[in-house]
Amino acid sequence: MSTAATPTAGPDRLWSVDEHLEDVLTTVHPLEPIELQLLDAQGCVLVEDVTVPVSLPPFDNSSMDGYAVRVADVAGASEEFPAALEVVGDVAAGAGGELRVGPGQAARIMTGAPLPEGAEAVVPVEWTDGGLGEGPVTGMRARSLAPEGATGHVKVYRPAEARAHVRAQGSDVKAGDRALDAGTLLGPPQIGLLAAIGRATVRVRPRPRVVVVSTGSELVQPGTELSTGQIYDSNSFALTAAARDAGAIAYRVGGVDDDAETLRATIEDQLIRADLVVTTGGVSVGAYDVVKEALSPTGDEDEEGGGIDFRKVAMQPGKPQGFGTIGREHTPLLALPGNPVSSYVSFEVFVRPAIRTLMGLPDVHRPRTTATLTAGKPLTSPKDRRQFLRARYSDGTVTPVGGAGSHLVAALAHADALIVVPEDVTSVEPGTEVEVVLLR
Ligand code: AMP
Ligand code: MG
């Protein structure tokens, strides 16, 4: 599956960022659709065209609290000469259709209640005496309907046109209309529409399940004491959060010791719940590069997935990367470097687009823009490497935060953008237009 088989591959070959990304994105495919309950489908891509089964609103109903009347009965009504109508009853939201409004009659009606038979319009309560039986007092209007129910008579001070304050059946969507097209991303309003037309479940591509495994015998859980030489495992937290932010259901498996057998067993155990595996650490050329040791191709790849190809990618940070598929299901696995900034940048550049591809999203990439570099001194960038510098973006300008050091987690936490310095550029003067990836 992965490019381990391409003729140009080899341990010394330098991959461009675009080549590595293309390898990832041509290997991962959108997940098979499933039927999900509406709220579980939030953030997912719809794979069916949804047709409206029943018009919205399903029946003519009142848009105001007031009185349902016949137009002829209130024609010419005024403060001085109100129309006095007999109130035949109440229609509340949810009421059935028993009531009928005949000539000279009105029905008290609440917002959302069905327009009774015979009625042609609704006069808002503010244009009436509210059934309180009071005389027409200029400037004084009922603010609410009489609490004790329909009282016999109501005075109406204004005429009403036919259909006034009536929401017509089907005025929102009609039965047979297309409610939502396949490909729609389901946000809150779309979920609201599906519920409004009576759908309990929908067919969508599910959220990918992403397992995040960090490696390193120096790692300990936040919340416990550090001994000499130990550090807190921050990568598994940052990447699990990032996977969730990208739309995945993310499982954090933190801090596996630098032991190839343990790591292999851990990953094997996790495959049952993984559509994608992300590891951090252990991919460079150190003595304890356990991920490389555990996952490099073994020759059994037909049974076990394509094997993970470890390679150098022409970027900074994030040069050592691993990618391939593992297990019987050929689950894609991205092995990211261990330095916190390297792993985060690698996630942004390679893993996030992979997650969004699994989700079937039309646009898998972060928005990009150009901005004017604001900095005290020129930026320097290594030749033949694409550099991703942490920065803050504001209003067309971008300012680096921290330096290029890939251990600088505090600076990363204050960044909201990445400045992208192309491979052939080694220095960027302040005031220059640069390319920026917006992280929020
Ligand atoms: P490695 O690639 O495993 O050699 O790790 C490179 C650097 O990143 C080392 O300084 C590690 O201690 C650090 N590192 C690796 N994994 C993590 C992690 N999960 N959280 C924080 N730092 C890490
Ligand atoms: Mg390590």
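Along the sequence shown, the residues carry numbers beginning at 1. Counting starts at 1 for both ligands and their atoms, in listed order.
- The shortest side-chain heavy-atom distance between L14 and V313 does not fall under the 4.5 Å cut-off.
- Looking only at heavy atoms of the protein, atom 20 (N) of ligand 1 is closest to S234 N, 3.0 Å.
- Atoms of ligand 1 found under 4.0 Å from any heavy atom of G282, numbered from 1 in the order shown, are 1 (P), 2 (O), 3 (O).
- Among the atoms of P337, none of the N or O lies under 3.5 angstrom from an N or O of ligand 1.
- A salt bridge links R311 and D23; the closest N-O separation between the charged side-chain nitrogens and carboxylate oxygens is under 4.0 Å.
- Put simply, the side chain of S55 gets close to the backbone of A175: a donor and an acceptor are under 3.5 Å apart.
- Residues R252 and S236 bring a donor and an acceptor atom of their side chains to less than 3.5 Å of each other.
- Screening residues 410-431 for side-chain hydrogen bond (donor to acceptor under 3.5 Å, both in side chains) gives R386-E423 as the qualifying pairs, with residues at least two apart or on separate chains.
- Side-chain N/O atoms of T372 and E433 include a donor and acceptor closer than 3.5 Å.
- Here's the thing with N339: one of its N/O atoms is less than 3.5 angstrom from an N/O atom of ligand 1.
- Among protein heavy atoms, the minimum distance from atom 11 (C) of ligand 1 is reached at E218 OE2, 3.1 Å.
- Residue-ligand proximity, S214 to ligand 1, at heavy-atom distances under 4.0 Å covers atoms 19 (N).
- The distance criterion of under 3.5 Å between nitrogen or oxygen atoms is not met by D289 with respect to ligand 1.
- Ligand-side atoms of ligand 1 in range of Y232: 20 (N), 21 (C), range being under 4.0 angstrom from any heavy atom.
- The nearest heavy-atom contact from the protein to atom 23 (C) of ligand 1 is G338 O, 3.5 Å.
- Judged by the 6.0 Å distance and 45° axis criteria, R352 is not positioned over the aromatic ring of F347.
- Remark: distances from the non-hydrogen atoms of G216 to ligand 1 are all 4.0 Å or more.
- Pairs passing the side-chain hydrogen bond (donor to acceptor under 3.5 Å, both in side chains) check and including a residue from residues 184-204, sequence neighbours excluded, read E35-T201, E48-R199.
- Residue contact check: D233 has heavy atoms under 4.0 Å from atoms 18 (C), 19 (N), 20 (N) of ligand 1.
- Taking a cut-off of under 4.0 Å to the non-hydrogen atoms of I231, the atoms of ligand 1 that pass are 12 (O), 21 (C), 22 (N), 23 (C).
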(Q) Under the criterion salt bridge (charged side-chain N to carboxylate O under 4.0 Å, His left out), I'd like the reasoning laid out for R163 against E120: C-alpha separation, chi angles, the key distance, then a yes or no. (A) CA-CA 6 Å; R163 313 296 292 171; E120 298 159 322; over 6 Å; no
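- Contacts with ligand 1 closer than 4.0 Å are made by side-chain heavy atoms of P340 only, the backbone lying farther away.
- Side-chain contact between L333 and L276 is absent, with no heavy-atom pair separated by less than 4.5 Å.
- Here the heavy atom of the protein found nearest to atom 16 (N) of ligand 1 is N235 ND2, 3.4 Å.
- Interface of T215 with ligand 1, defined as ligand atoms under 4.0 Å from a residue heavy atom, comprises 16 (N).
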